[in-house]
*Asks:* 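Below you'll find the structure I mean.
Keep in mind that what you see is a predicted model, and the values were worked out from it rather than measured. Lettering of chains follows the sequences in order, A, B, ..., and the numbering in each one begins at 1.
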There are 2 protein chains.
Amino acid sequence: MRVKRQAVHDAILLAAEQEFAENGYVKATISKIARRAGTAPSNVYVYFQSKLEIVLAVYEPWFKRQILDLEQAVADKTTVEQKLTSLLEGLWKYIPHDTRGLTTTLVQALATATPQDKYNPELLRWTEHKIAQVLSDTFRSESASSVDFLALAHMIMFTFDGVGLRHNLRQSINREAQMITEMVALLSRLDGEGEKHPDRRDELEHQLTE
Amino acid sequence: MRVKRQAVHDAILLAAEQEFAENGYVKATISKIARRAGTAPSNVYVYFQSKLEIVLAVYEPWFKRQILDLEQAVADKTTVEQKLTSLLEGLWKYIPHDTRGLTTTLVQALATATPQDKYNPELLRWTEHKIAQVLSDTFRSESASSVDFLALAHMIMFTFDGVGLRHNLRQSINREAQMITEMVALLSRLDGEGEKHPDRRDELEHQLTE
DNA sequence: TATATTAGCGAACGTCATTCGGTATTGACA
DNA sequence: TGTCAATACCGAATGACGTTCGCTAATATA
């Protein structure tokens, strides 16, 4: 009996990561991946069932690492505004715009996938729960206790997808910085902090908690 | 000299709209569109330069109509919360989930497009300005005067793209309703209205406007 | 009516992801 | 150590697709 070799498996994954980073999902071909990995295109299918499976195998560990690093970066911040800014900049700026372009690659892959490809949304769920947890940890005031953080995380991830999609066309108008600023301002109000007009807000706060 | 016939042009557009609606961008083929339009695949290229150009020609009028109708629907509402809910439900629920699936089609098209396809983002800009205007009209209180509505519109449209993308995979978790609820709550605070505890809020309202 | 332009079309091209058939390597067992 | 069976590996084929190429014939213009 002959056995799959880990070295071949890893070579394919590495080659795929490089090809996807350089060309995105659509323009990266199995032929080029195979050539870079030093094997035949048909042999790739011994190790992976499809191109989609390859891209997911490449994306998942990379993305999880990004999220875990981001989680730590947020935890290192002190004020609510800093934490929120760090979170949104990571998700709406640094991760989708990273030079290796893996987010754009995934967006292309998901857009072209069909329902029968049976994409497993586990990674998305995991990420949303992580983000919801980060948000929940950020807001300690009771005024934010009734907020559905999972729903907010859901929206943040949809926006993440949108950023990745539009990034593909290289026509972002650089309004993303303002977008983050505005969203941080909106969310900060949940904590009763970060108001734009502290004078008035403090009055209100006082009334409310009295 | 022979002249292009409007009838053929329209037949292709109509056939394309139906094919895209049934199969999405990736699975719709020029062959099937041509067959449905009663012409040859090669002749389609007399009227349109590419598949991408066709999908944009189909999508733009449909989408503009959706936005104009939505604008009117929002204007017909009376309270700030109703207006916001109407706006976000339109953009995050009804339009991307419409049975004809044109949003998913566009998302697929944009995801697979390359920068040299020279996609013109004019429609996106037009939409964002429309949404910013709607938001601006909704908030009349001075407390919201310093808000960058265009940035908020930008974010709302990114989220719209994300909804369309995930809708493609038929794995939405139906958290979109909560998402809309949470976002309406966040935005309502810009007006000093829309608090979650109406009793208390009314007191505040009174204080504020006095 | 003559002519230039071009709509229209069938066949071909180039590119992919994926599959097939055959070969030969190799782990397990005698 | 030798045999066997499972299967990694590979070159060639398959089937789809967007798009292009040559050719034919319709038609606006003069």
*Asks:* I want to check something: taking the side chain as every heavy atom from C-beta on, are B/Asn43 and B/Val46 in contact at a cut-off of under 4.5 Å?
*Replies:*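 Counting from C-beta outward, B/Asn43 and B/Val46 do come under 4.5 Å.
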*Asks:* Could you state the atom-to-atom distance from CD1 of B/Ile54 to P of D/dG18 in whole Å?
*Replies:*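 That distance rounds to 9 Å.
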*Asks:* Within this structure, what is the OH-to-P distance between B/Tyr25 and D/dC17, rounded to whole angstrom?
*Replies:*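 Checked: the OH to P distance equals 14 Å.
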*Asks:* Select base, sugar-phosphate, or nothing to describe what A/Ala34 touches, counting heavy atoms under 4.0 Å on all strands.
*Replies:*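 Here A/Ala34 touches no strand at all.
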*Asks:* Relative to the ring of B/Phe63, is the ring of B/Phe160 parallel (under 30°), tilted (30 to 60°) or perpendicular (over 60°)?
*Replies:*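 Ring orientation of B/Phe160 relative to B/Phe63: tilted.
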*Asks:* Taking all atoms of both residues into account, what is the closest heavy-atom pair of A/Ala34 and A/Val44, and its distance?
*Replies:*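 Nearest pair, atom of A/Ala34 first, then A/Val44: CB-CG2, 3.9 Å.
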*Asks:* Please check: side-chain N/O of B/Lys51 versus main-chain N/O of B/Tyr25, any donor-acceptor pairing under 3.5 Å?
*Replies:*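 Such a contact is found between B/Lys51 side chain and B/Tyr25 backbone.
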*Asks:* Reading DNA chain C from 5' to 3', where do the contacts with chain B start and stop? Cut-off is 4.0 Å to heavy atoms.
*Replies:*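 Boundary nucleotides touching chain B, in 5' to 3' order, are C/dA4 to C/dG10.
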*Asks:* Inspect the contact between A/Glu176 and A/Lys93 and indicate whether a charged nitrogen and a carboxylate oxygen are less than 4.0 angstrom apart.
*Replies:*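 No, A/Lys93 and A/Glu176 are not salt-bridged.
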*Asks:* For B/Glu53 and D/dT19, what is the distance between atoms CD and C1' respectively, to the nearest whole Å?
*Replies:*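 After rounding, the reported distance stands at 14 Å.
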*Asks:* Would you check if there is a donor-acceptor pair between the side chains of A/His154 and B/Glu182 at a distance under 3.5 Å?
*Replies:*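 Looking only at side-chain atoms, A/His154 and B/Glu182 do not form any donor-acceptor pair under 3.5 Å.
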*Asks:* For A/Gln116, is the CD atom crowded, meaning more than 12 foreign heavy atoms sit under 6.0 Å from it?
*Replies:*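 Buried by this count: over 12 neighbours within 6.0 Å.
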*Asks:* Between protein and nucleotides 20-26 of chain D, what N or O pairs are separated by less than 3.5 Å?
*Replies:*
none

*Asks:* Round to the nearest Å and state the distance from B/Leu52 atom CG to D/dC17 atom P.
*Replies:*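 Checked: the CG to P distance equals 18 Å.
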*Asks:* Could you state the CG-P distance from B/Asn43 to D/dG18, rounded to the nearest angstrom?
*Replies:*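 Spelled out: CG on B/Asn43 to P on D/dG18 is 16 Å.
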*Asks:* Could you check how far OH of A/Tyr47 sits from C1' of D/dT7, rounded to whole Å?
*Replies:*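 Atom OH in A/Tyr47 sits about 10 Å away from atom C1' in D/dT7.
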*Asks:* Please walk me through it: do B/Val80 and B/Leu190 pass side-chain contact (heavy atoms from CB on, under 4.5 Å)?
*Replies:* CA-CA 10 Å; B/Val80 169; B/Leu190 286 180; over 6 Å; no
